[in-house]
There are 2 protein chains.
Amino acid sequence: MTVDTKTALLNSAESAARRNGFDGFSYADLAAEVGIRKASIHYHFPSKADLSVALIARYQEIFRQVCAKIDTEKTAGGARLAALIERYADALNGGQSLCLCVAFSVSRDGLSDEAIAHMAAFRRMMLVWLETVFAKGQADETISDVTDPKREAAATLALLEGAQLSARAGRDVALFNAATAVLQNRIK
Amino acid sequence: MTVDTKTALLNSAESAARRNGFDGFSYADLAAEVGIRKASIHYHFPSKADLSVALIARYQEIFRQVCAKIDTEKTAGGARLAALIERYADALNGGQSLCLCVAFSVSRDGLSDEAIAHMAAFRRMMLVWLETVFAKGQADETISDVTDPKREAAATLALLEGAQLSARAGRDVALFNAATAVLQNRIK
DNA sequence: GTCTATATGTGGATAGAC
DNA sequence: GTCTATCCACATATAGAC
């Protein structure tokens, strides 16, 4: 199935941003991949800041659906947590890609205030969801040693992002698994 | 006390890199801060890749000393872990800076293979040290719920780096403390 | 919507005088 | 060691034809 130019640009940009960071690709790169001239991109996204906002907004919406899907497919807290960890592992693409939120976290410019606000909103969304997951896992005893669900949520998001970072740095998914092994073992 | 030009350049570059990433500063920036012309920088560091290697090599050496100092000042495993966490918190500079290793992990180019190898060596060094810390904390019972020291080490390094990332993204040190609260509470 | 052509800025890097 | 001057590549962005 073919996608419209705007979607093709978003797909290409997201892939590039997750591989090299938001400052790590240019309109020329996108143009080459999508098959139009770089000037044409400005018709869809007048500035690169506009593109950054569109990217992170779409990403947040996708993850909202991902979490919702996990909620319908899994009932146990532990199973839901395991599903999210797997999602973060898959996002690595063999050690080449990062979660868009992690990739954006290090870019210096190009990111408008609006994009930064979206990033914060994304993290808040994930924290809320993770908190309910840990609360459920504590109640149904599918996650061991749960103290405070809110704190567990904050620790888990940081752990997943940090594990991605070291895996990407070493171009080795095994590093992600090593960093998340303790967490995985808490899942019954 | 005044420092020589080369050291001043390294200091300025490290600060800039930890704030904005390795691709987030230019020779022009360094020149302005140090007070020489940018062409002069090439005398000390012919290419920016040379600068990246010098930066990460110096950083690893500093941390080798940091860990050694902690080992002499603290004996309990828990106290040693607490000291490292505090070091990572301080490195945030109120939410503006990252550990150089984290900052480098997201840069795309400019980093030579040599610099990447140094980064991997830095992480390995920290993992080895953390493993001994957890082993000690398990033995002297100053860290609770220690399962496998090697896995705990991998999880802790990822957690610290991830916690820095979210704190930097939100420009708020409280986010670092929130993410590390569970770990902190395991220290007796 | 996409094109060609171009403006404008900034990056790292070099040559050669002092 | 540091300077001035300059080069070249590449970035985002705009104007205007089709």
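Reminder, nothing fancy here: chain letters follow the sequence lines and each chain counts from 1.
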Which donor-acceptor pairs under 3.5 Å do side chains of residues 36-43 of chain A form with protein atoms, sequence neighbours excluded?
unit_1: A:Ser40; atom_1: OG; unit_2: A:Arg37; atom_2: O; d: 3.4
unit_1: A:His42; atom_1: ND1; unit_2: A:Pro46; atom_2: O; d: 2.8

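- Taking B:Asp4 as the reference, B:Thr7 meet the side-chain hydrogen bond (donor to acceptor under 3.5 Å, both in side chains) condition, with sequence neighbours excluded.
- Every residue two or more places apart in sequence or in another chain was checked for a side-chain hydrogen bond (donor to acceptor under 3.5 Å, both in side chains) with B:Arg87, and none qualifies.
- In this structure, the ring-ring contact (aromatic ring centres under 6.0 Å, His included) partners of B:Phe63, at least two apart in sequence or on a different chain, are B:Tyr59, B:Phe122.
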For residues 150-163 of chain A, which side-chain N or O atoms pair as donor and acceptor with protein atoms under 3.5 Å away, sequence neighbours left out?
unit_1: A:Glu152; atom_1: OE1; unit_2: A:Arg186; atom_2: NH1; d: 3.3
unit_1: A:Glu152; atom_1: OE1; unit_2: A:Arg186; atom_2: NH2; d: 3.4
unit_1: A:Glu152; atom_1: OE2; unit_2: A:Thr147; atom_2: N; d: 3.3
unit_1: A:Glu152; atom_1: OE2; unit_2: A:Arg186; atom_2: NH2; d: 3.1
unit_1: A:Thr156; atom_1: OG1; unit_2: A:Glu152; atom_2: O; d: 2.7
unit_1: A:Glu161; atom_1: OE1; unit_2: A:Arg123; atom_2: NE; d: 3.4
unit_1: A:Glu161; atom_1: OE1; unit_2: A:Arg123; atom_2: NH2; d: 2.8
unit_1: A:Glu161; atom_1: OE2; unit_2: A:Arg123; atom_2: NE; d: 3.4

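- Scored by the ring-ring contact (aromatic ring centres under 6.0 Å, His included) test, A:Phe104 finds A:Phe22 as partners (sequence neighbours excluded).
- In terms of the side-chain hydrogen bond (donor to acceptor under 3.5 Å, both in side chains) criterion, residue partners of A:Asp140 (sequence neighbours excluded) are, by chain and number, A:Thr142.
- At a non-hydrogen distance threshold of 4.0 Å, B:Thr5 from residues 5-22 of chain B come into contact with DNA chain D.
- A:Arg168 and A:Asn93 are not linked by any side-chain donor-acceptor pair at a separation below 3.5 angstrom, with hydrogens and angles left out of the test.
- Identified under the side-chain hydrogen bond (donor to acceptor under 3.5 Å, both in side chains) test for residues 45-54 of chain A, with sequence neighbours left out: A:Ser47-A:Asp50.
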Nucleotide N/O of nucleotides 10-12 of chain D paired with protein N/O under 3.5 Å:
unit_1: D:dA11; atom_1: OP1; unit_2: A:Ser26; atom_2: OG; d: 3.3
unit_1: D:dT12; atom_1: OP1; unit_2: A:Lys48; atom_2: NZ; d: 3.2
unit_1: D:dT12; atom_1: OP2; unit_2: A:Tyr27; atom_2: N; d: 3.0

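- Here chain B contacts DNA chain C (any atom closer than 4.0 Å to a heavy atom, that is under 4.0 Å), and the contacts span C:dG11 to C:dT14 from 5' to 3'.
- By the side-chain hydrogen bond (donor to acceptor under 3.5 Å, both in side chains) test, B:Arg171 is found to be paired with no residue, residues two or more places apart in sequence or in another chain being considered.
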